There are 2 protein chains.
Amino acid sequence: MNVPDWTDPDCPVARALDLIGDRWSLLVIRDAMDGARSFTEFQRRTGIARNILTDRLRKLIAHGFLEQHTAESGRRKEYALTEAGRDLFPVILTLRQWGERHAFAPGEAHSTLVDQHGEPVPEFVPSGVDGSVLGAETTRVHKIG
Amino acid sequence: MNVPDWTDPDCPVARALDLIGDRWSLLVIRDAMDGARSFTEFQRRTGIARNILTDRLRKLIAHGFLEQHTAESGRRKEYALTEAGRDLFPVILTLRQWGERHAFAPGEAHSTLVDQHGEPVPEFVPSGVDGSVLGAETTRVHKIG
DNA sequence: CGAATCAGTAGCATTTTGCAACTTATTCGA
DNA sequence: TCGAATAAGTTGCAAAATGCTACTGATTCG
């Protein structure tokens with residue numbers, strides 16, 4: 001997508017999905033957050049076709065999620081998350097937690113997310129200014145204008 | 001996707017994306033959260049092609065995000081979110097907040113999310129058991145086994 | 001130096017998506 | 001109650017995206 005032909009220009013959700021709402025982009029971001037740096041490493045972890053990976057890495061760079069820089073040792077290139085890319089952490093986290101709750105059978109094993117001390121990351125629940133839990137029923141979209 | 005051929009069976013992020021990681025599913029969910037109930041309404045709001053919408057609605061039902069029931073008045077069918085579908089709220093919210101921060105120029109107008117009293121929904125920041133802010137740098141994936 | 005590895009490209013087959021026109025059932029209004 | 005409008009898809013075909021396999025030119029390692 002050439003940046004300014006948004007599916008729904010007023011909606012931040014739609015703009016975000018125009019940028020990373022495809023089969024692979026968020027998996028690449030996930031792996032970047034988990035330490036992947038090289039073309040081959042992204043390819044191995046995701047299983048994406050090589051030509052598509054080339055395309056996705058270019059788009060992710062063009063849209064400001066990744067940047068390519070030269071590694072300390074050697075001249076080989078590396079991909080690293082930008083601030084905007086790292087800022088997708090809450091998106092990946094909520095997808096993960098949704099998946100844990102609804103895409104695994106009870107008792108079925110899955111990878112988990114832990115903090116620096118090895119403690120599991122707690123469930124992440126949105127709350128309003130008064131501390132009440134927020135959901136689709138208790139919020140609404142306020143349109144422009 | 002026929003449910004048990006996951007891209008990456010151990011990863012909840014990948015499973016979630018196998019189910020709703022395409023151009024349109026999350027926009028349909030977004031509109032369902034914002035009150036859309038009928039085929040035509042989804043079509044009008046998203047702009048998706050009608051045959052693709054048919055396909056997506058069927059898949060969302062098959063995967064347990066939506067259910068179809070008969071409206072009170074009249075015999076016409078309606079689509080409604082299931083509990084699993086409503087539980088995608090945090091995903092939509094974090095996508096929205098990412099979009100607000102990174103996909104709009106400073107000062108550019110966009111729709112906003114408000115609570116029952118019309119108060120803007122606050123920024124949603126993941127934190128660990130000790131209350132510290134979590135991000136990609138301070139967490140890691142703990143694999144199965 | 002030679003072999004292996006990395007980072008892609010290129011060509012082609014398959015799948016997915018999009019568009020426009022058509023169909024069938026409801027519903028609404030005179 | 002009839003006729004028109006609207007809802008909810010379906011169908012056929014064209015265009016775009018994706019995937020697979022093989023190939024290429026640098027790096028790097030022993």
Side-chain angles (χ1 to χ4, degrees), chain A residues 1-3 5-8 14 17-32 35-63 65-81, chain B residues 1-3 5-8 14 17-32 35-63 65-81:
Chain A
M1 171 143 326
N2 301 321
V3 168
D5 63 354
W6 307 107
T7 299
D8 182 349
L17 289 173
D18 280 341
L19 297 173
I20 42 76
D22 70 280
R23 285 291 294 99
W24 295 112
S25 295
L26 281 171
L27 287 182
V28 170
I29 301 282
R30 172 202 65 174
D31 290 333
R37 294 281 107 90
S38 68
F39 185 93
T40 301
E41 187 61 16
F42 285 115
Q43 207 273 321
R44 196 186 61 70
R45 296 203 199 192
T46 59
I48 188 174
R50 306 172 70 76
N51 52 344
I52 306 299
L53 178 57
T54 299
D55 180 78
R56 287 305 177 281
L57 289 170
R58 297 239 165 94
K59 283 183 179 155
L60 289 171
I61 289 169
H63 295 142
F65 295 90
L66 292 177
E67 56 194 8
Q68 205 172 20
H69 57 78
T70 304
E72 314 291 310
S73 58
R75 256 161 258 61
R76 217 177 270 294
K77 297 293 184 60
E78 288 192 338
Y79 298 94
L81 289 167
Chain B
M1 170 144 327
N2 301 320
V3 168
D5 63 355
W6 306 107
T7 300
D8 183 349
L17 290 173
D18 281 341
L19 297 172
I20 42 77
D22 68 273
R23 285 291 293 100
W24 296 113
S25 295
L26 281 171
L27 287 182
V28 170
I29 301 281
R30 172 201 67 174
D31 289 334
R37 293 279 106 80
S38 68
F39 185 93
T40 301
E41 188 61 17
F42 285 115
Q43 207 273 320
R44 197 186 60 70
R45 296 203 199 193
T46 59
I48 187 175
R50 306 173 70 75
N51 53 345
I52 306 298
L53 177 58
T54 299
D55 181 79
R56 288 304 177 280
L57 289 170
R58 297 238 165 93
K59 283 183 179 154
L60 289 171
I61 289 169
H63 295 141
F65 295 91
L66 292 178
E67 55 194 8
Q68 206 173 18
H69 58 77
T70 304
E72 315 291 312
S73 59
R75 256 161 258 60
R76 218 178 269 295
K77 298 292 186 58
E78 288 192 338
Y79 298 94
L81 288 167

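Quick note on labels: first sequence line is chain A, next is B, and so on, each numbered from 1. Below, each value reflects all heavy atoms present in this structure, side chains not excepted, and no hydrogens, waters or symmetry copies. Remember, predicted model here, so these are calculated numbers, not experimental data.
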A/Gln43 (side chain) donor-acceptor with A/Leu53 (main chain) under 3.5 angstrom:
no
Quick one: do A/Asp22 and A/Arg56 make a salt bridge, cutoff under 4.0 Å?
yes
How many whole angstroms separate atom CD1 of B/Ile52 from atom C1' of D/dA8?
16 Å
Tell me yes or no: between the side chains of A/Thr54 and A/Asn51, is some donor less than 3.5 Å from an acceptor?
no
Which pairs, protein N/O on one side and nucleotides 2-6 of chain C N/O on the other, fall under 3.5 Å?
residue	atom	partner	partner atom	Å
C/dC6	O3'	A/Arg76	NH1	3.4

Determine whether B/Leu19 and B/Trp6 satisfy the following criterion, side chain to side chain contact (heavy atoms under 4.5 Å, CB included), listing intermediate values before the conclusion.
CA-CA 9 Å; B/Leu19 297 172; B/Trp6 306 107; 4.0 Å; yes
Tabulated below should be each protein N or O lying under 3.5 Å from an N or O of nucleotides 12-15 of chain C; please produce it.
none

NA contact type, B/Arg44, heavy-atom cut-off 4.0 Å: base, sugar-phosphate, or nothing?
nothing
How many Å lie between CZ on B/Arg23 and P on C/dG18, as a whole number?
8 Å
Using 0.5 Å steps for rounding, measure from the CG atom of B/Leu26 to the CZ atom of B/Phe65.
8.0 Å
Can you see whether A/Arg30 engages A/Thr46 through a side-chain donor-acceptor pair at a distance of less than 3.5 angstrom?
no
Phosphate-side-chain proximity, A/Trp24 and D/dG19, N/O vs OP1/OP2 below 4.0 Å:
yes
Please state how far atom NZ in A/Lys59 lies from atom C1' in D/dA16, giving the value in whole angstrom units.
11 Å
Within this structure, what is the CZ-CD1 distance for the pair A/Phe42 and A/Ile48, rounded to the nearest 0.5 Å?
10.5 Å
Can you check whether A/Tyr79 has a side-chain N or O nearer than 4.0 Å to OP1 or OP2 of C/dG8?
yes
For the helix from C/dC1-D/dG30 to C/dA30-D/dT1, what is the angle between the axes at its two ends, each from 5 pairs, rounded to 10°?
30°
If you compare every side-chain N and O of B/Arg37 against the phosphate oxygens of D/dA7 (OP1, OP2), does one of them come in below 4.0 Å?
no
Please report, rounded to the nearest Å, how far the C1' atom of D/dG9 is from the CZ atom of B/Phe42.
15 Å
Here's a test for you: under side chain to side chain contact (heavy atoms under 4.5 Å, CB included), which of A/Arg37, A/Glu67, A/Glu41, A/Gln68 qualifies with A/Tyr79?
A/Gln68
